[in-house]
Protein chains: 2
Amino acid sequence: MASRKPAADGIPAAPARPRLTVMRDVAKLAGVSHQTVSRVLNNHPNVRVETRERVLEAMRSLNYRRNLAARTLVTRQSDTLGIIGFETTLFGPASMLYGIESAARDAGYMVSIASVRDLERRQVLEAVDRLTQHSVDGVIAIAPKQSVNHALAQAPPSLQCVAVGGSGESDAAPTVSIDNAAGARLATQHLLDLGHATVHHAAGPSDWPESVERIEGWRRTLYAAGAVVPPVEHGWWDAESGYAQGRAMARDPAVTAIFCANDRIALGVLRALHEAGKRVPEDVSVVGFDDMPDSGFFVPPLTTVHQDFGELGRRSLSLLLEHMATSPEVPPPDRVLVAPQLVIRTSSGPLRH
Amino acid sequence: MASRKPAADGIPAAPARPRLTVMRDVAKLAGVSHQTVSRVLNNHPNVRVETRERVLEAMRSLNYRRNLAARTLVTRQSDTLGIIGFETTLFGPASMLYGIESAARDAGYMVSIASVRDLERRQVLEAVDRLTQHSVDGVIAIAPKQSVNHALAQAPPSLQCVAVGGSGESDAAPTVSIDNAAGARLATQHLLDLGHATVHHAAGPSDWPESVERIEGWRRTLYAAGAVVPPVEHGWWDAESGYAQGRAMARDPAVTAIFCANDRIALGVLRALHEAGKRVPEDVSVVGFDDMPDSGFFVPPLTTVHQDFGELGRRSLSLLLEHMATSPEVPPPDRVLVAPQLVIRTSSGPLRH
DNA sequence: CTCAGCTCTGTGAACGTTAACACGCGCGCC
DNA sequence: GGCGCGCGTGTTAACGTTCACAGAGCTGAG
């Protein structure tokens with residue numbers, strides 16, 4: 001029925017353009033002007049209910065959808081937000097991405113994504129460029145390294161950006177992140193309260209603000225408690241690095257409590273401890289950071305600091321929207337901190353011999 | 001320097017529109033018509049090199065960027081692809097997403113994402129609708145459930161879709177997925193070869209094709225080897241489900257080898273085994289599926305079936321592009337299978353008492 | 001009664017690009 | 001020498017919206 005008939009008249013072939021239904025068609029059917037249709041679409045108040053109803057009906061019967069490209073052309077806004085993604089294959093960034101996307105959808109925005117392989121200025125700038133070219137209305141950068149903020153500072157000033165997951169030290173863009181220092185404090189204090197003389201730290205990379213802030217929080221807490229601050233070695237965010245650090249620590253009998261920069265590192269530490277014949281938590285307590293989906297099923301179930309990545313995404317979106325609403329004269333960029341939460345499972349406990 | 005001056009003449013305020021640089025400006029500077037600029041931009045052959053050079057120079061000096069919205073309006077293609085995402089917070093889907101996005105970028109496409117909270121027809125259709133409205137040129141659906149294919153069948157026929165990660169049983173769209181049956185065969189045969197009388201299976205959800213195909217591959221392999229096929233219980237894709245299934249299996253002395261539907265389930269199984277005092281692999285061998293980043297650091301390191309999610313993404317993209325290139329008359333949809341690979345670590349071994 | 005000021009609607013002109021055609025020029029061929 | 005043809009370029013008209021106006025009809029105050 002609905003199949004397109006080959007033009008039966010003299011014309012050899014129909015033009016390649018299928019002629020989609022546009023406002024004019026709706027207008028004609030409803031017996032109004034295209035402008036009235038536009039008004040209905042944009043919820044302009046000054047349309048008689050009766051007229052509006054007629055237009056709506058026409059749109060329905062023609063299965064009309066407005067052409068966003070045309071709209072974007074004239075309004076210069078696309079109802080699309082850009083996300084600069086990094087390592088989005090990992091749980092944390094992937095969750096933020098999801099959180100942002102959900103929130104954006106609820107706010108009526110589409111989301112386009114530009115991943116970067118690494119966080120060099122050039123790549124970030126190129127991502128920004130790709131996004132601008134597709135005329136996004138704003139950008140959220142999953143930006144766990146300083147370099148991103150530097151790059152963002154070079155973005156066209158008309159483009160609103162917010163950075164999520166990084167440090168707030170840049171003045172390039174407002175930032176939303178977990179309160180890493182608070183999380184580290186929670187974890188460290190928990191271990192101290194359990195009676196451990198001090199707490200060792202299996203750290204992340206040295207050039208990631210998240211890692212640095214966790215170290216800082218951990219260090220301060222020890223200092224405040226008058227405990228000795230053991231030296232830290234930096235690693236990557238994965239289990240392999242945790243395993244390496246864990247092996248070293250397992251050899252040191254002074255180590256009775258380890259705060260890991262994230263759950264994956266904790267997984268590696270756990271394995272190293274296991275191989276060294278140390279029991280957790282009887283001999284050594286371990287605490288992670290992130291609360292990945294399965295960390296409750298590590299051996300033993302991991303005590304960890306829970307991050308609400310979804311909340312992070314939502315907050316960053318609302319911050320962006322807020323900044324987009326105010327005029328482009330730059331207000332002092334804010335930093336939003338999301339409070340983390342300690343989840344106590346069985347990998348931490350008092351020292352027992 | 002480049003700041004906008006307030007109009008000094010009689011006009012009270014500059015119009016809100018900042019007047020961005022357009023083809024006409026470039027044309028004027030280069031002393032050609034805007035059409036020539038367009039030709040340069042689109043690499044039309046019939047432009048004298050000298051002219052092209054002049055235009056390019058003008059574009060550079062004006063920092064011109066073409067307005068994609070206008071281009072989309074007239075060409076009816078946006079150079080943007082849509083992705084329908086599901087559970088993109090998990091490693092597998094997140095990796096596919098990343099793989100698709102990278103491949104798309106290399107092919108000159110932008111990627112917009114529409115997540116669905118669950119895979120009901122209505123939500124999927126709504127996602128398709130959102131994407132069409134933003135005039136994407138094609139859609140890749142991360143579609144691990146049958147319902148998605150059904151929904152896709154209802155999408156406007158002009159919209160090219162490919163489904164990734166699902167079963168190929170639908171005729172709605174071409175599909176690319178891991179060869180789940182082959183993967184299951186690899187795992188099962190490996191355990192059989194190790195000398196186990198039979199292999200138990202910790203399964204995923206019953207309504208996911210991936211899960212069903214893995215069961216099927218496992219079952220066939222046992223059958224072909226003349227081994228008894230133990231009953232399966234379905235669960236979810238997470239460690240919790242694996243833990244529950246693992247506890248039950250730990251009680252059964254006949255269980256000496258367990259093939260898990262994914263690595264997270266394997267993690268739970270490992271924990272259950274550990275708690276029950278069973279040694280892995282001495283008492284029970286365990287094999288997973290996915291090869292998540294840290295499964296090499298489980299206790300013990302997990303033997304598993306490696307999926308190349310990046311390849312999956314690339315293949316689905318090239319399939320989509322291929323289908324977009326051929327005219328809309330629907331060619332019989334293909335199914336592309338990506339071969340998985342067994343990664344042997346230490347969680348599997350011969351039975352030892 | 002008149003005129004200002006609402007409410008509702010229509011008309012024409014952007015927006016910035018590509019498509020379709022037209023034109024002038026030089027070249028080779030008969 | 002005429003003619004056809006390909007090359008490089010310019011001119012004009014879409015594409016489907018929204019914006020800025022203008023105008024018709026009504027209301028109510030002076």
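Per chain, numbering begins at 1; letters A, B, ... match sequence-line order.
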Chemist: What's the closest nucleotide to the side chain of B/R48 if the choices are C/dG16, D/dT9, C/dT18?
Modeler: D/dT9

Chemist: How long is the line joining CG of A/L20 and C1' of D/dT17, in whole Å?
Modeler: 12 Å

Chemist: Let me know the distance between CZ of B/R66 and C1' of C/dC15, rounded to the nearest Å.
Modeler: 17 Å

Chemist: Not counting sequence neighbours, which residues clear side-chain contact (heavy atoms from CB on, under 4.5 Å) with A/V336? List them please.
Modeler: A/V176, A/R315, A/L319

Chemist: By the salt bridge (charged side-chain N to carboxylate O under 4.0 Å, His left out) test, which pairs, at least two apart or in different chains, include something from residues 139-163 of chain A?
Modeler: A/K145-A/D207

Chemist: Within this structure, what is the NZ-to-P distance between B/K28 and D/dT9, rounded to whole angstrom?
Modeler: 20 Å

Chemist: Looking at A/T51, does any N or O in its side chain come under 4.0 Å of the phosphate oxygens OP1/OP2 on C/dT9?
Modeler: yes

Chemist: Can you list everything that forms a salt bridge (charged side-chain N to carboxylate O under 4.0 Å, His left out) with A/R314? Sequence neighbours excluded, please.
Modeler: A/E311

Chemist: Cut-off 3.5 Å, side chains only: do B/T89 and A/S95 have a donor facing an acceptor?
Modeler: yes

Chemist: Under 4.0 Å, heavy atom to any atom of DNA chain D: which of residues 34-42 of chain B qualify?
Modeler: B/H34, B/Q35, B/T36, B/R39

Chemist: Give the rounded distance in Å between these two atoms: CE of A/M23 and P of C/dT9.
Modeler: 15 Å

Chemist: I want to verify a distance call: between C/dT17, D/dT17, D/dG10, whose nearest atom is closest to the A/N67 side chain?
Modeler: D/dT17

Chemist: Using whole Å, report how far CG of B/N46 lies from C1' of C/dG26.
Modeler: 14 Å

Chemist: Just jot down the salt bridge (charged side-chain N to carboxylate O under 4.0 Å, His left out) partners of A/R130, sequence neighbours excluded, or say none.
Modeler: B/E101

Chemist: Using the side-chain contact (heavy atoms from CB on, under 4.5 Å) criterion, which residues pair with A/L29? Sequence neighbours excluded.
Modeler: A/A58, A/S61, A/L62

Chemist: To the nearest angstrom, how far is A/L68 atom CG from D/dG16 atom P?
Modeler: 14 Å

Chemist: Quick one: list whatever passes ring pair (Phe, Tyr, Trp, His ring centres under 6.0 Å) with A/F86, sequence neighbours left out.
Modeler: A/W208

Chemist: Can you check the A/R71 CZ to C/dC15 C1' distance for me, whole Å?
Modeler: 14 Å

Chemist: Distance check needed: C/dT17 P versus A/R76 CZ, whole Å only.
Modeler: 10 Å

Chemist: Filter on side-chain hydrogen bond (donor to acceptor under 3.5 Å, both in side chains), then keep only pairs touching residues 44-58 of chain B, sequence neighbours left out; what's left?
Modeler: B/E57-B/R60

Chemist: End-to-end bend of the helix from C/dC1-D/dG30 to C/dC30-D/dG1 (five-pair axes, 10° rounding)?
Modeler: 50°

Chemist: With distance as the sole criterion, is a donor-acceptor pair present between the side chains of A/T132 and B/R65 under 3.5 Å?
Modeler: no

